[in-house]
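As structure tokens, the structure follows; a few thoughts come after it.
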Amino acid sequence: MVPRLPRPICHPPQTELPIEPIRADSVVFLQIENAILHLEFQTRYDVDLPLRMLDYSVRLYRKYRLPIVQGVVLLCEPSADTVIETAFEVGETLHHYRVVKLWEESPGNFLQEPTLLPLATLTCTEDPEQLLAQVAQAITAVENRAQRLNILACGKVLGGLRFKERLLDRWLKEDVVQESVIYQRWVREGAAKGKLEGKLEGKLEAVPALRARGFAEEEITVILGLTLEQIQSVRSDT
């Protein structure tokens, strides 16, 4: 006798697709262009990033019904064999987004905008000391002390992804910035007298004072915009 098997219990089909909450790093509204800018900052490249970018885009569009402009800012260079995707593609679905690789970007534009100065520490360079000196000098132009210190702190945090602490401490520290701010005041005062700004002899007059404050000759070349030969031509007892 063949045993009777229990009849299967039929459940209604699952029609609900649960959506787990996700949090985007930065969502900025572009009011003028009537669009949404979504920026994703990544220290390490994630192979699931393309799918996440599509997910972000769909969710944002569902909520706001506005065009979505997406960008991924990669802070650290991955291994040489890493393939960095700029789109998600499966079947007939194709979703593009932009990718910024900081290690390939020229530091020029970043040095011109105070809010981008911390990111400048991760831009393209063959001379880390020169890059950090440029960042430190740009920070000195920020007149508001609270903003200047915030930028300095952020610069050290992001710079730590790339440089050793010793190198960061040499260039990105408050006393260096404060001393450089003093020099900026000299420039402003000298400009009023027609001595410093834009004139070689005025800049050369500032060399001994900067030496007395402990600046190395290489640092003085960055601060004053002079060559090393010009700096060395000035005697310390001038």
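A quick note: this is a predicted structure, and the numbers were derived from the prediction, not measured.
- When side chains are defined from C-beta on, Val83 counts as touching Glu85, because their heavy atoms get closer than 4.5 Å.
- Hydrophobic clustering (side-chain heavy atoms under 4.5 Å, transitive across Ile, Leu, Val, Met, Phe, Trp, Tyr) groups Leu161 together with Leu119.
- With a 4.5 Å cut-off on side-chain heavy atoms, Arg170 and Arg166 do not count as touching.
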- For the pair Arg98 and Val72, evaluate side-chain contact (heavy atoms from CB on, under 4.5 Å) and give the outcome as yes or no after the intermediate values. CA-CA 6 Å; Arg98 303 176 187 178; Val72 177; over 6 Å; no
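- In terms of hydrophobic clustering, with Ile, Leu, Val, Met, Phe, Trp and Tyr side chains grouped at heavy-atom distances under 4.5 Å, Tyr45 and Met53 are assigned to a common cluster.
- Between the side chains of Asp127 and Thr125, not a single donor N or O lies within less than 3.5 Å of an accepting N or O.
- Using a 4.5 Å heavy-atom threshold, the side chains of Glu129 and Leu167 count as touching.
- Annotation: the span from Leu54 atom CG to Leu94 atom CG amounts to 10.0 Å, rounded to 0.5 Å.
- Here the straight-line distance linking atom OG1 of Thr123 with atom CG of Asn109 works out to 10.0 Å at 0.5 Å rounding.
- Atoms CG and CG, on Leu117 and Leu152 in that order, are 10.5 Å from each other to the nearest 0.5 Å.
- Taking the six-membered ring for Trp and the full ring otherwise, Tyr56 and His38 have centroids separated by under 6.0 Å.
- Nearest heavy atoms, Ile84 versus Pro78: CD1-CG, 3.9 Å.
- Taking CG of Leu74 as the start and CG of Leu49 as the end, the distance is 7.5 Å to the nearest 0.5 Å.
- Between the side chain of Gln230 and the backbone N or O of Thr227 there is at least one donor-acceptor pair closer than 3.5 Å.
- In summary, Arg162 and Glu77 do not engage in a salt bridge, as defined by a charged side-chain N under 4.0 Å from a carboxylate O.
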- Report the C-alpha separation of Trp103 and Leu75 in whole Å, then their side-chain angles, then the decisive distance to 0.1 Å, and conclude whether the side-chain contact (heavy atoms from CB on, under 4.5 Å) test is met. CA-CA 7 Å; Trp103 62 92; Leu75 304 179; over 6 Å; no
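- A donor-acceptor contact closer than 3.5 angstrom links the side chains of Gln70 and His95.
- The distance from the OG1 atom of Thr86 to the OH atom of Tyr97 is 6.5 Å, given to the nearest 0.5 Å.
- Under a hydrophobic-cluster definition in which Ile, Leu, Val, Met, Phe, Trp and Tyr are linked whenever side-chain heavy atoms come within less than 4.5 Å, directly or via other members, Val69 and Val58 are assigned to different clusters.
- Distance CG/Leu116 to CG/Leu111: 9.5 Å, rounded to 0.5 Å.
- At a threshold of 4.5 Å between non-hydrogen side-chain atoms, the residues Gln137 and Thr140 count as touching.
- Residues Leu66 and Tyr61 fail the side-chain proximity criterion, which asks for heavy atoms closer than 4.5 Å.
- Under the 4.5 Å side-chain criterion, counting only non-hydrogen atoms from C-beta, Leu39 is in contact with Leu37.
- Residues Leu51 and Val99 fall into different hydrophobic clusters, defined by Ile, Leu, Val, Met, Phe, Trp and Tyr side chains chained together at heavy-atom separations under 4.5 Å.
- Between Glu40 and Arg52, at least one side-chain nitrogen of the basic residue sits less than 4.0 Å from a carboxylate oxygen of the acidic one, meeting the salt-bridge criterion.
- Using a 4.5 Å heavy-atom threshold, the side chains of Pro67 and Ile36 count as separate.
- Taking both residues in full, the closest heavy atoms of Val135 and Ala120 are given as CG2-CB, 3.9 Å, listed atom of the first, atom of the second, then distance.
- Within the 3.5 Å criterion, the main-chain N or O of Glu143 finds a donor-acceptor partner in the side chain of Arg148.
- With contacts defined as side-chain heavy-atom distances shorter than 4.5 Å, the pair Ile151/Pro118 qualifies.
- Open room surrounds CD on Glu165; 12 or fewer heavy atoms of other groups in view lie less than 6.0 Å from it.
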